[in-house]
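Below is one structure, written out as structure tokens, with a few remarks after it.
FYI, the numbering just counts along the sequence from 1.
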Amino acid sequence: MPSQLSAQTIATVKATVPALEAHGLEITRAMYARMFQNPMIRNLFNQSHHGETGSQPRALADAILAYAQNIDNLGVLGAAVERIAQKHVGLQILPEHYPYVAEALLGAIKDVLGDAASEPVLAAWGEAYSFLADILIAREAAVYQQIAEADGGWTGWRDFRVEARIRESEVITSFVLRPVDGGRVLAHKPGQYLTFWLELPGEHPQKRNYSISAAPNGETYRISVKREPEGSASNWLHDAAEVGTVLKVSAPAGEFFLGHQPERPVVLVSGGVGLTPMIAMLETLAKTGANVPVHYVHGALNGATHAMRDRVRDLASSTAFVDATTFYLEPRPEDVRGKDFDEEGQISLDWLKANTPVAEADYYLCGPKGFLRTFVNGLALAGVAQDRIHYEFFGPADELLAA
């Protein structure tokens with residue numbers, strides 16, 4: 001593979017941008033339809049993100065368009081490439097899987113664009129895909145090696161047994177997981193997730209990512225799962241995963257995590273079940289002793305859906321540097337302000353600007369996409385530098401070649 005793309009390939013791929021803008025979604029839907037004819041490849045993907053109503057085909061269409069638009073300046077896509085590599089490591093994507101994607105992508109381009117997908121166009125996209133695949137494969141190999149060599153690390157899928165179930169709210173349940181082999185577990189970076197291979201009765205195998213909701217301890221992991229009305233995996237976990245159930249898990253992954261020993265104030269902002277990585281961060285900061293102020297800001301519907309309330313209050317009361325504020329959008333009559341929650345309504349940008357150190361803090365955000373759009377864009381407009389705004393998506397990110 002060449003160390004850089006040829007000028008002709010770059011020009012040809014950029015010339016396809018108008019076609020991708022017009023037909024990108026058709027191409028990605030056709031691509032997934034081709035790939036999913038192979039059960040081995042289909043089972044690599046999180047199927048909840050696919051199909052006519054799934055968000056992944058649109059996310060991939062936008063990602064391919066971004067790649068074409070920036071193919072002469074790939075440095076701007078570095079963060080997206082890292083996110084994809086981490087996601088692939090969680091899903092256990094290996095080099096031998098990439099040719100199937102290439103074949104499906106080129107076939108889909110030909111199916112949708114017809115005569116416009118000339119041999120030069122297909123050859124250029126073949127080279128462009130292979131170039132990106134080599135970058136991802138090299139990065140993923142480095143991550144796999146780092147995980148395998150670390151204390152408690154492992155490769156592939158490892159069996160974990162549910163050691164405990166904790167009902168955190170009417171919609172969220174935590175599961176404490178211990179490896180069946182009795183060995184140690186990799187110390188995750190607070191904010192990372194685990195990927196699960198779930199074999200549900202009467203369904204194809206399912207892949208799901210769940211954030212780790214506890215500080216590293218070398219022995220167990222904890223995930224906190226919201227029951228989604230149409231979520232086959234979350235409903236199965238809530239209804240069928242009892243103490244003693246064995247689950248297949250890949251090692252912690254993800255590029256959204258709290259840095260070691262932060263040097264600036266930390267603001268953790270979450271909505272709903274988006275608190276799960278924030279709890280891991282908060283527990284870690286409380287355990288290691290932060291040298292900076294920590295602001296924990298969370299929004300929930302009310303006390304019925306608010307998870308880990310007592311845990312957060314205990315951490316805040318036992319540490320001098322943690323300030324915790326909870327918003328309830330629709331408090332119930334039994335929800336007491338000052339005891340169960342602190343503020344009524346939604347978290348707002350104005351509140352953050354007035355109550356957190358905007359000029360110097362690192363902001364960590366996790367919640368639904370609307371929540372993220374509000375605060376990622378709003379904080380940037382308020383003068384927070386991009387390198388101080390860190391965020392995690394629910395579902396697939398609208399980024400380059402996300403799986």
Backbone N/O of [Y] and side chain of [X]: donor-acceptor pair under 3.5 Å:
{"X": "Lys248", "Y": "Glu199", "result": "no"}
{"X": "Glu149", "Y": "Ile147", "result": "no"}
{"X": "Arg388", "Y": "Ala361", "result": "yes"}
{"X": "Arg165", "Y": "His238", "result": "yes"}
{"X": "Thr28", "Y": "Pro57", "result": "yes"}
{"X": "Asp335", "Y": "Gly303", "result": "yes"}

Going by atom types only, do [X] and [Y] share a side-chain donor-acceptor pair under 3.5 Å?
{"X": "His298", "Y": "Ser270", "result": "yes"}
{"X": "Glu228", "Y": "Ser234", "result": "no"}
{"X": "Glu168", "Y": "Ser224", "result": "no"}

Would Phe196 and Phe160 count as a close aromatic pair, with their ring centres under 6.0 Å?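 For Phe196 and Phe160, the ring centres are not under 6.0 Å apart.
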Return the orientation label for the [X] and [Y] ring planes: parallel under 30°, perpendicular over 60°, tilted otherwise.
{"X": "His306", "Y": "Tyr328", "value": "perpendicular"}
{"X": "Tyr129", "Y": "Tyr98", "value": "tilted"}
{"X": "Trp154", "Y": "Tyr221", "value": "tilted"}

If you measure from CD on Glu127 to OG on Ser6, what distance do you get to the nearest 0.5 Å?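 The OG atom of Ser6 is 4.5 Å from CD of Glu127, to the nearest 0.5 Å.
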Take Tyr210 and Phe175 through the side-chain contact (heavy atoms from CB on, under 4.5 Å) test and state the conclusion after the steps. CA-CA 11 Å; Tyr210 294 110; Phe175 300 84; over 6 Å; no
Lys/Arg-Asp/Glu bridge criterion (N-O < 4.0 Å) met for Asp340, Arg332: no
Show the numbers, then the answer: is there a side-chain contact (heavy atoms from CB on, under 4.5 Å) between Gln56 and Tyr32? CA-CA 10 Å; Gln56 186 56 45; Tyr32 283 125; 3.3 Å; yes
